[in-house]
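In what follows, a structure is listed as structure tokens, so that the remarks can point back to it.
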Amino acid sequence: MPNTSGTYSTSDLSRKSGDIIAEALRHPVTITQRNKPRLVLLSVEDYQRLRHRADTRTAGTLETMPDNLLAEVEDAVAAYAEAEESGQP
């Protein structure tokens, strides 16, 4: 009978792999080693859904920023500084 908590040890995985795989097709399953979570077993569909939702933003520097965006940032900073100097919120 599968563990209903969705958490199995690595020794469970070697003994009950079929049950654990069947459960992982329904929802993610945590695999522990020495009572610490080490792996998550999940369906390909769940994995792909997570990958599509992943944050695809990238970081850059002022040197790599496009000129038009840099100008917008500089304008916003200048407007903020002017508001601070005049005591506006």
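Both Val29 and Leu39 sit in one connected hydrophobic cluster of ILVMFWY residues. Membership requires side-chain heavy atoms under 4.5 Å apart, directly or through other members. Tyr47 and Leu25 fall into different hydrophobic clusters, where Ile, Leu, Val, Met, Phe, Trp and Tyr are joined by side-chain heavy atoms under 4.5 Å apart, directly or via other members. No chain of hydrophobic side-chain contacts below 4.5 Å, direct or via other Ile, Leu, Val, Met, Phe, Trp or Tyr residues, connects Ile21 to Val44.
Nearest heavy atoms, Asp46 versus Pro28: OD2-CD, 3.9 Å. The nearest pair of heavy atoms linking Val73 to Met65 is CG2-SD, 4.2 Å.
Defined by atom type and a distance below 3.5 Å, a donor-acceptor pair is missing between the side-chain atoms of His52 and Gln48. Side-chain contact of Asn35 with Thr32: a donor-acceptor pair under 3.5 Å is absent, judged by distance alone.
Side chains of Leu13 and Tyr8 form no contact here, defined as non-hydrogen atoms less than 4.5 Å apart.
With hydrogens and angles ignored, the 3.5 Å screen pairs a side-chain donor or acceptor of Ser86 with a backbone N or O of Ala83.
Lys36 NZ to Ser9 OG: the interatomic distance, rounded to the nearest 0.5 Å, is 15.5 Å. Within the model, atoms CG of Leu42 and CZ of Arg26 stand 14.0 Å from one another, a figure rounded to the nearest 0.5 Å. The structure places CD1 of Ile20 at 8.5 Å from OG of Ser14, a figure rounded to the nearest 0.5 Å.
The only member of Arg51, Arg57, Arg53 that meets salt bridge (Lys or Arg N to Asp or Glu O under 4.0 Å) when paired with Asp55 is Arg57.
Applying the salt bridge (Lys or Arg N to Asp or Glu O under 4.0 Å) definition to pairs two or more places apart or across chains, none involves residues 60-81.
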